[in-house]
Structures are given as structure tokens and as C-alpha cells.
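What you are looking at is a predicted structure, and each value in this text was computed from that prediction instead of being measured. Heads up: numbering here begins at 1 and tracks the sequence.
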Amino acid sequence: MNILQNEIYKKDIETAIESTIDIEKLYGTSIMITGATGLVGSFITDMLICLNQEKNANITIYAVSRSAGRIDARFGQHPFLIPLEQNVVAPFAFGRHLDYIIHAASNAYPKAMNEEPVETIMANIQGTQNLLEMGKNCGAKRLLFISSGEVYGKCSEGMGKFTEDYAGYIDSTNPRSCYPQAKRMAETLCVSYQKEYGFESVIARLCHTFGPNVTSKDNRATVQFFNNAVNNEDIVLKSAGSQTRSYQYIADSASALLTIMLKAEAGTATNVANSESTITIRRLAEKIAEAAGTKAIIEAPTETDLAERTFIDHQVLDTTKIEELGWTNAFSLDEGIRNTLEILKAR
């Protein structure tokens, strides 16, 4: 079943649309989304499809993926959806006008970061440069770069919430640093293009986001937790789960991202998180298990588990800037967990 046929998911899409500040500014525009079949890119694409279907928004959607087949399988045929098979690391041969570019293409799950650190780096650095160059030449208004809370690195002991002006420590000789280091460099590339060429960009530092529209190859801890729960299995943690994180349901993350694209000051970074959803990984696993009627257990990690594990113990994002744009989250952590489980079970 196409996920857009699920009533819960469709309602969450509609709620995300209602939560996006100034979303009417997207009507009649053309938008390119890289990583269109991933967790973040696919939800935003679904929002734009629904805007066209329900609001006659007349938005031209260029959905970019390394596989045109995946785009077709995920979204089907829509009058305003144009699939583009493209690896962002390769230069874009795109001569049409664009209004907005959303760069959501990146290895964002541990297995890929461990096995493809070079590709992870290049999708963020070379891919971002290619998109900035294309946006500059196509007359685009601005590019939204989807960064990560991992750019804050390791923090000092007792650190509270990360504000956008904080810069923590990242070990540049650790291959697992491929993701946060590449995100950092891509952020600098965005603001450098603005300084040198005048092409606007905005940066969104996304917290740990979960939802039912994940891809089958995603092996993030939260995805494994939900897979266990849907299969009525105990949730298995490969650590004590003491790391503290900001978590957010995908519908809230997507509405926040579009709000930043439309409203944030050019050349700035804004955190994306739910201020009320800060818990440890273990407590998240327990919440998912409780909602599914199973339990969370701890097992010894394998060598692969250890290699894929992030070195960041504390990643809690301050939400003052996004709230100053007028945005507020629409879903509690428990609501996001419940909806994710219900949609996954239906699929």
C-alpha cells in the first residue's frame, strides 16, 4: 500500500502543512529535493504532492534520487512531480528555472557511514557545491541545507542545550567523523557562496528524527527499535543507552525545515528539535516497547556495532531560534511513537 493512502499518515501530512509558517509562498514555485526517497526528503515531497492535490498549489517538484525506479515506486505518477535520476556528486545538467533547492541527500545511517565514509563526505561537500553552483545559475531564491546536530561534536561536561553559536570538538582522524565533519564543511561552503556570489542559503541542524517512511536499508537505532516493536519482538540495545538526545517526529521536522527555508535569515543556521522530547536512548527504547507491549533488553555489542557507534554522548538542541520564527511542534514524543507504530503495522 502506498503510504499516502494511510489515513494516519495523510492526517500527519496535513498537520505538517498547517504547521508550516508562510507555506503559501511555495504556491506556483519550482522546488528541487535531493534525497527525495529518504526519510526527510520523502515526507517533504509528500507534503508538496498533497498541497498540489488539496490546495491546487501548482508546485513543480523535481524529485532527485540515484534511482528513478525508487522515485516511481515511492511516489507513483503525479502531474507536477518530475523524477530526476542523479547522484549529487556529479555536476547537474539542469537548464530550467528553480525557485528553491532542498539538499536532503546524505548517508545518514551508521552502516553507510561505517562502510562508505568517503561517499558520505562527498555527498555533503561535492554534492552541496554542485547544488549551490546550479542554484546560482538557475536563478534560485535560496538553498536549504539539511545539516545535523552532530556538527556540535563532543561537549564539555555539564553542557546543557546546544545553541547555534556553539562549536564542540570533533576528532578529525576518526573515520566516523565523516558525517559531522562533512556537514560542518558544507555549512561553511553555503555561507561562502553567499558571501562570494550572493546566492542565498539557510542551514537547518536537524535533531534525531524518526517516522514510518524510513527506507529499508536504514539501520539507525530508532529504526531498529520500531522494527522490533512492529514484529512483537523485544527491543535490543547494544549499549546502556545512557546517551541523551533530542528526538522529533518526522512531521514536525518537515514543517520546521520548510519554515526555515521560507523565513530564516539568509546565511544562518537554525536548530530543529522538539524542546519537550529530550530523553536517553534507553528511555526511548522503553517508550517504544511500552507502546507495543514488548520490553527493552541490553545485549553486548559486536565489533560492527562499536564501529558504527557515534562518539557523541550528549546532543540536546536549543529551540529558541526556530520558535522565534513562529514555529511550534504539533506532535508530542508519545504521539510520534504511536503514529509511527500504527502506520508501520498497517504497511
Side-chain angles (χ1 to χ4, degrees), residues 34-35 38-40 66 87-90 103-132 145-193 201 203-209 217-224 237-246 269 271-273 280-281 300-318:
T34 69
L39 173 66
V40 174
R66 284 178 291 182
N87 188 329
V88 295
V89 176
H103 186 15
S106 175
N107 286 340
Y109 54 96
K111 187 175 188 294
M113 295 176 201
N114 183 44
E115 296 180 355
E116 299 180 343
V118 174
E119 288 80 0
T120 299
I121 291 169
M122 298 311 293
N124 283 286
I125 297 178
Q126 186 63 62
T128 301
Q129 196 273 336
N130 287 337
L131 289 163
L132 287 166
F145 178 65
I146 300 178
S147 188
S148 165
E150 284 205 20
V151 300
Y152 294 115
K154 298 183 72 171
C155 63
S156 305
E157 188 174 349
M159 180 78 183
K161 296 181 178 181
F162 296 146
T163 56
E164 287 81 357
D165 58 355
Y166 176 77
Y169 168 75
I170 296 175
D171 179 5
S172 60
T173 64
N174 183 342
R176 177 55 181 81
S177 298
C178 62
Y179 183 70
Q181 284 284 71
K183 289 292 187 185
R184 278 187 171 188
M185 189 66 250
E187 289 187 7
T188 306
L189 192 59
C190 286
V191 297
S192 297
Y193 254 77
S201 58
I203 298 158
R205 293 175 179 161
L206 193 61
C207 73
H208 288 255
T209 295
K217 61 184 178 181
D218 195 329
N219 76 321
R220 277 176 278 201
T222 51
V223 177
Q224 296 179 63
L237 292 97
K238 296 301 181 73
S239 71
S242 59
Q243 304 96 321
T244 306
R245 301 281 187 262
S246 294
N271 289 336
V272 176
T280 63
I281 293 175
T302 64
E303 289 187 12
T304 300
D305 294 328
L306 293 173
E308 294 177 355
R309 183 179 297 175
T310 178
F311 51 82
I312 299 171
D313 294 325
H314 179 85
Q315 194 180 123
V316 180
L317 309 187
D318 184 276

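- Under a 3.5 Å cut-off, the side chain of Arg184 and the backbone N or O of Val151 do form a donor-acceptor pair.
- Atoms CG and CD1, from Leu189 and Ile125 in turn, are 8.0 Å apart once rounded to the nearest 0.5 Å.
- Taking OH of Tyr152 as the start and CD of Gln315 as the end, the distance is 9.5 Å to the nearest 0.5 Å.
- With sequence neighbours left out, Arg220 forms a salt bridge (charged side-chain N to carboxylate O under 4.0 Å, His left out) with Asp218.
- In this structure, Asn114 and Arg176 have side chains that are not in contact, with every pair of non-hydrogen atoms separated by 4.5 Å or more.
- What you find for Gly35 and Ala105 is that their closest heavy atoms are N-CB, 3.5 Å.
- When side chains are defined from C-beta on, His103 does not count as touching Ile146, because their heavy atoms never get closer than 4.5 Å.
- At least one side-chain heavy atom of Glu116 sits under 4.5 Å from a side-chain heavy atom of Asn107.
- With hydrogens and angles disregarded, a donor-acceptor distance shorter than 3.5 Å links the side chain of Asn271 to the backbone of Asp318.
- Residues Tyr193 and Gln129 approach most closely at OH-NE2, 2.8 Å, considering heavy atoms.
- Side chain of Asn130 to main chain of Val89: a donor-acceptor pair is present (N/O by atom type, distance under 3.5 Å, no hydrogens or angles).
- Heavy-atom minimum distance, Ile203 versus Ser147: CG2-CB, 3.9 Å.
- For the pair Gln181 (side chain) and Ile170 (backbone), a donor-acceptor distance under 3.5 Å is absent.
- Partners of Glu187 by salt bridge (charged side-chain N to carboxylate O under 4.0 Å, His left out), not counting sequence neighbours, listed by chain and number: Arg205.
- Within the 4.5 Å cutoff, side-chain heavy atoms of Ser148 are placed close to those of Tyr179.
- Judged purely by atom type and a 3.5 angstrom limit, Thr120 has no side-chain atom pairing as donor or acceptor with the backbone of Cys178.
- Nearest approach of Cys190 to Thr128, heavy atoms of both residues: SG-CG2, 3.8 Å.
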Worked check of side chain to side chain contact (heavy atoms under 4.5 Å, CB included) between Lys183 and Glu150: CA-CA 8 Å; Lys183 289 292 187 185; Glu150 284 205 20; over 6 Å; no

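- In this structure, Ile281 CD1 and Gln243 CD are separated by 4.0 Å, a value rounded to the nearest 0.5 Å.
- In this structure the side chain of Leu317 never reaches within 4.5 angstrom of the side chain of Lys161, judged on heavy atoms.
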Evaluation steps, side chain to side chain contact (heavy atoms under 4.5 Å, CB included), between Arg245 and Val316: CA-CA 5 Å; Arg245 301 281 187 262; Val316 180; over 6 Å; no

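- Minimum heavy-atom separation, Thr209 to Leu39: O-CD2, 3.5 Å.
- Side chains of Asn124 and Ser106: a donor on one and an acceptor on the other come within 3.5 Å.
- When side chains are defined from C-beta on, Tyr169 counts as touching Asp171, because their heavy atoms get closer than 4.5 Å.
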